[in-house]
Every structure is written in structure tokens, then in C-alpha cells.
Amino acid sequence: MTTPGSRLHNLNYEIGFHNKKLKTPFPRRQDMPLVTVEMLPGRSTETKEKMAKAIADVMVEVGGGSREHCWVVFRETTGDNWAIGGDLLSSDAFKEKVNAYKARVQKG
């Protein structure tokens, strides 16, 4: 909903779509999926483009709707801000767990 003061209303106003003669590029549909991908930094723009297209394809194929209504947001979070099992990904404790896992996999 684009009530005055809402985020979409404010965004449309900032871009200049408050002018009734212009059409907003942001369709106002209730069923617009927003997919957030949280990952470690380091992937190229080309890789993220491929991921976004693949995600949109799956959303349309499985969930219905159209590509134009599927939004994908990439959030890149560093290992200093991400923890698994209580250990930051950037910590020595986590690196030890990864090394132990790799050793188990190599043994078969």
C-alpha cells in the first residue's frame, strides 16, 4: 500500500513518480515476492546476475506470478558478523571445525 509516509510512497516521491502523468516502475501488487539472499562477500556482479535470474525463474515456475514482480536482494555479510554454532566464521575456532570436517570427508 502506498499511503503517504510509507516507504514505497516516499521512494516514488523521491524519484519523481508523484506526478500522475508518470507511471511508477514499481508495480503495486500484493503478491510481489521479495527474496533476500544472505551470503559471504566475494561473488562477482555477473554471478549475482545469474543467481537473480535463476531465483526469479524458480519463483515464477513454482510460485506463479511474473518475473517483473520478483525482487531479489543480496546482502553480503562478512565473517566477522556471521556465526555458526556460536563461533564467528572469522574465528580460529570455526576454522578448526572446518578443517576437522574436511579431514573427515577426505577419510570417507
Student: Just list the side-chain donor-acceptor pairs under 3.5 Å for residues 101-108, sequence neighbours left out, or say none.
Tutor:
none

Student: In chain order, what residues pass the side-chain contact (heavy atoms from CB on, under 4.5 Å) check against Leu40, with sequence neighbours excluded?
Tutor: Trp82, Leu89
Student: I need the full list of side chain to side chain donor-acceptor pair (under 3.5 Å) pairs touching residues 47-58, with sequence neighbours left out, sorted by first then second residue.
Tutor: Ser44-Thr47, Lys48-Glu76, Asp57-Arg67
Student: Mind checking side chain to side chain donor-acceptor pair (under 3.5 Å) for Asp92 and listing every partner two or more places apart, or none if nothing turns up?
Tutor: none
Student: Please give the remaining members of the hydrophobic cluster of Val37, linking ILVMFWY side chains under 4.5 Å, ordered by chain and number.
Tutor: Val35, Met39, Met51, Ile55, Met59, Val72, Phe74
Student: Please write out which residues are connected to Leu88 in a hydrophobic cluster, directly or through intermediates, given that two of Ile, Leu, Val, Met, Phe, Trp, Tyr count as joined at side-chain heavy-atom separations below 4.5 angstrom.
Tutor: none
Student: Please list, chain by chain and in numerical order, all residues satisfying side chain to side chain donor-acceptor pair (under 3.5 Å) with Glu38, sequence neighbours excluded.
Tutor: Thr77
Student: According to side chain to side chain donor-acceptor pair (under 3.5 Å), who are the partners of Asn99, at least two apart in sequence or on a separate chain?
Tutor: none
Student: If you take all heavy atoms of Ala56 and Cys70, which pair is closest and at what distance?
Tutor: CA-SG, 3.9 Å
Student: Under the rule for side-chain contact (heavy atoms from CB on, under 4.5 Å), what residues qualify as partners of Ala93, not counting sequence neighbours?
Tutor: Asp87, Ser91
